[in-house]
Amino acid sequence: QVQLVESGGGVVQAGGSLRLSCAASGITFSVNAAGWYRQAPGKLRDWVAVMSPGGSTNYRDSVKGRFTISRDNAKNTVYLQMNSLKPEDTAVYYCNTPRPPTWGQGTQVTVSS
């Protein structure tokens with residue numbers, strides 16, 4: 001059974017930083033894709049950043065240059081480093097792996113102005 005557990009959310013002022021973690025069990029991130037998504041109140045869930053098994057990355061335009069997705073194979077954990085946070089980054093952030101389709105429970109990120 002695949003499980004993803006996120007952590008690291010919280011409340012931060014605009015311009016601050018947070019690092020989210022996604023620990024996996026039942027799969028190995030080094031051979032599986034992983035991604036971070038977010039869902040703001042009243043909005044659809046959107047992708048934020050993705051990483052292929054080979055380590056290539058892609059980001060939505062609004063976070064390019066501010067967010068970095070990375071992976072620690074020894075810990076089987078994917079991270080999302082978020083810098084220069086803005087109030088519009090406020091959302092519940094979810095970790096995902098597509099095969100099998102699995103979501104974590106989500107972690108709240110709140111950025112105050």
Side-chain angles (χ1 to χ4, degrees):
Q1 182 180 2
V2 178
Q3 286 190 318
L4 304 176
V5 179
E6 300 105 332
S7 60
V11 180
V12 64
Q13 288 189 331
S17 298
L18 284 173
R19 189 179 79 156
L20 307 183
S21 299
C22 172
S25 59
I27 61 163
T28 302
F29 274 141
S30 61
V31 296
N32 286 277
W36 286 96
Y37 293 70
R38 67 187 181 189
Q39 187 166 16
K43 295 189 176 182
L44 297 175
R45 191 173 298 184
D46 283 330
W47 74 281
V48 176
V50 294
M51 174 176 277
S52 72
S56 60
T57 59
N58 201 10
Y59 301 89
R60 70 181 298 112
D61 287 346
S62 61
V63 308
K64 282 181 181 177
R66 300 188 297 123
F67 290 12
T68 303
I69 187 172
S70 63
R71 185 177 70 205
D72 185 330
N73 292 338
K75 295 182 179 179
N76 204 26
T77 299
V78 171
Y79 302 96
L80 185 68
Q81 177 67 43
M82 305 185 294
N83 299 328
S84 302
L85 282 161
K86 304 176 181 180
E88 52 263 42
D89 294 319
T90 295
V92 178
Y93 283 70
Y94 298 90
C95 181
N96 167 271
T97 191
R99 295 176 184 169
T102 305
W103 295 92
Q105 82 285 359
T107 185
Q108 176 71 47
V109 171
T110 302
V111 184
S112 62
S113 56

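Everything numeric here is computed off the predicted structure, so don't read it as measured data.
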V2 and G26 have their tightest heavy-atom pair at CG2-O, 3.9 Å
Is Y79 linked to Y93 within one hydrophobic cluster, defined over Ile, Leu, Val, Met, Phe, Trp and Tyr using a side-chain heavy-atom separation of less than 4.5 Å? no
Separation of L80 CG from M51 CE (nearest 0.5 Å): 10.5 Å
Heavy-atom closest contact (E6 atom, C95 atom, distance): OE2-N, 2.6 Å
Can you name the one residue among Y37, Y94, W36 that meets side-chain contact (heavy atoms from CB on, under 4.5 Å) with W47? Y37
Is there a donor-acceptor pair under 3.5 Å between the side chain of N96 and the backbone N or O of G35? no
SG of C22 to CZ of R71, rounded to nearest 0.5 Å, is 12.0 Å
Determine, for K86 against D89, whether the closest basic-nitrogen to carboxylate-oxygen distance falls under 4.0 angstrom. no
Q108 versus V11: any side-chain heavy-atom pair under 4.5 Å? no
Answer with yes or no whether the hydrophobic clustering places V92 together with V12; edges join I, L, V, M, F, W, Y residues whose side-chain heavy atoms lie under 4.5 Å apart. no
N83 side-chain N/O to F67 backbone N/O, donor-acceptor pair under 3.5 Å: no
Can you find a heavy atom in the side chain of I69 that is under 4.5 Å from one in the side chain of Y59? yes
